[in-house]
There are 2 protein chains.
Amino acid sequence: MPQLCRARPSHALARSARKVIEVLGRMGDKWTVLAIAMLVERPRRFNELKRMIGGVSQQMLTRTLKALKREGMLTRTVYPTIPPQVEYGLTELGRSLSVPVTHLAAWVVEHLGEIETHRASYDAAG
Amino acid sequence: MPQLCRARPSHALARSARKVIEVLGRMGDKWTVLAIAMLVERPRRFNELKRMIGGVSQQMLTRTLKALKREGMLTRTVYPTIPPQVEYGLTELGRSLSVPVTHLAAWVVEHLGEIETHRASYDAAG
DNA sequence: CGGTATCCCGTTCGATACTG
DNA sequence: CAGTATCGAACGGGATACCG
C-alpha cells in the first residue's frame, strides 16, 4: 500500500492528489456508490438496477454504468434475445473497490445521527 | 454497525441511501478529502492549507472548510492577533472519518495504474 | 428492453475585487 | 491574513422523445 499512513501521509496523498481526487470524485457521483453496492450481491440487469436504486433517471444510470465500465469496475454482458437483455456485474477490480467503499458507507451510516445533530446546532446557533 | 455487510447488504444501504449518498457526496467534493488528509498530521492555518492543496480557489477552500465545520468534522480557532490567524483542526468525528477515507484513498492510489490502463484501452478500442 | 439525442434549468466553481 | 461579494462560464442532471 503506497504509503498513505506513514510518516507524512499528507505529502504522499498530495503527490498523487489530482488523480486520486478525480477517482474519489466518482465515489461522490450520486449513483456510483449505490450502483456498486447493488452489484455486490450478484449481477443485475439494467432495469433491475434502476428499480433498486430508485429516483435515478435512465440517462444518469446509463452514464454511471458506462463510466464504471470505462474504469474497469464492471462488466457489461449483452444477451441478444428479444427483447434484449443486458447484465452488469462487478469485475475483480470493482469488487475490490467495494470493500473500502462499503466501509466508508458503514461509517456514514454509523455517524449519520451525529452529523445531523452537528448540522442542526450549527444552523440554529452558528 | 447497522448491517451493511449482512445477508442483503444492498437493501440495508438502499434504506438509508439518500442520506448516505448525500454525505458520501461530500467525500467527492473535490477538496473535502484533501482538506481532511492535510489535517490528519496536525492543525493548520487557512493559507497553509491553500498552499498544500494547491489549485483550490480561496472561495472553494472557504466553502469546503465551512461545510466540514457545519458537520462537526473540524474545529475553527480564531486567534485575534494582527494579522489575524485562523487554525483548523480535526475533531474526533473528523479524525474517525479520516480512517475509512484514508483507506479509500489508499485503494485509489494502489489501483490508479490499473484504472488508467482500463480507461486507455476503453478509449482506444471501446 | 436498453439505450441515445436533445433541451433546459439550477447549481457549481473560478476569477476578481473588496472588507475587517 | 482570512475571509465576503459579485459575476459569468461550465457542468450536472431531469424530462422527453426517439432508435435498435
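Numbers restart at 1 for each chain; the letters A, B, ... are given by sequence-line order, proteins then strands.
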> On DNA chain D, nearest-nucleotide positions of B:Lys66 versus B:Arg45: which is more 5'?
Replying inline: B:Arg45
>> Assuming nearest nucleotide by heavy-atom distance, tell me which of A:Pro84 and A:Asp29 is located more 5' along DNA chain D.
In response: A:Asp29
Approximate separation, where rounding is to 0.5 Å, of [X] [atom1] and [Y] [atom2]:
X	Y	atom1	atom2	answer
A:Thr32	A:Met27	OG1	CE	6.0 Å
B:Arg70	A:Asp123	CZ	CG	4.0 Å
A:Arg26	A:Ile36	CZ	CD1	9.5 Å

>> Restricting to salt bridge (Lys or Arg N to Asp or Glu O under 4.0 Å), what partner residues turn up for B:Arg119, sequence neighbours left out?
In response: A:Glu22, A:Glu71
> Minimum heavy-atom separation for A:Val108 to B:Val20, with atom names?
Replying inline: CG1-CA, 3.9 Å
> What residues, two or more places apart in sequence or in another chain, satisfy ring pair (Phe, Tyr, Trp, His ring centres under 6.0 Å) together with B:His111?
Replying inline: B:Trp107
Polar pairs (N or O, both sides) under 3.5 Å between protein and nucleotides 14-17 of chain D?
{"from": "D:dG14", "atom 1": "OP2", "to": "A:Ser57", "atom 2": "OG", "distance (Å)": "3.3"}
{"from": "D:dG14", "atom 1": "O6", "to": "A:Gln59", "atom 2": "OE1", "distance (Å)": "3.4"}
{"from": "D:dA15", "atom 1": "N6", "to": "A:Gln59", "atom 2": "OE1", "distance (Å)": "3.2"}

Separation of [N] [atom2] from [X] [atom1] (nearest whole Å):
X	N	atom1	atom2	value
B:Tyr88	D:dA2	OH	C1'	7 Å
A:Ile53	D:dG13	CD1	P	13 Å
B:Lys69	D:dG3	NZ	P	12 Å
B:Gln85	D:dC1	CD	C1'	9 Å

> Given axes from five pairs at either end, by how many degrees does the helix from C:dC1-D:dG20 to C:dG20-D:dC1 bend, rounded to 10°?
Replying inline: 50°
> In terms of hydrophobic clustering (I, L, V, M, F, W, Y; side-chain heavy atoms under 4.5 Å; direct or indirect links), are B:Leu39 and B:Tyr79 co-clustered?
Replying inline: no
> Just wondering, do B:Lys66 and A:Tyr122 contact through their side chains at under 4.5 Å, heavy atoms?
Replying inline: yes
>> Using side-chain heavy atoms (C-beta onward) and a distance below 4.5 Å, is B:Thr64 in contact with B:Asp29?
In response: no
> Between which nucleotides of DNA chain C, 5' to 3', does chain B make heavy-atom contacts below 4.0 Å?
Replying inline: C:dC13 to C:dG20
> Can you check whether A:Glu87's main-chain N or O pairs, donor with acceptor, with A:Arg76's side chain at less than 3.5 Å?
Replying inline: no
>> Holding to side-chain contact (heavy atoms from CB on, under 4.5 Å), I want the full list of residues that pass it with A:Val99, two or more places apart in sequence or in another chain.
In response: A:His103
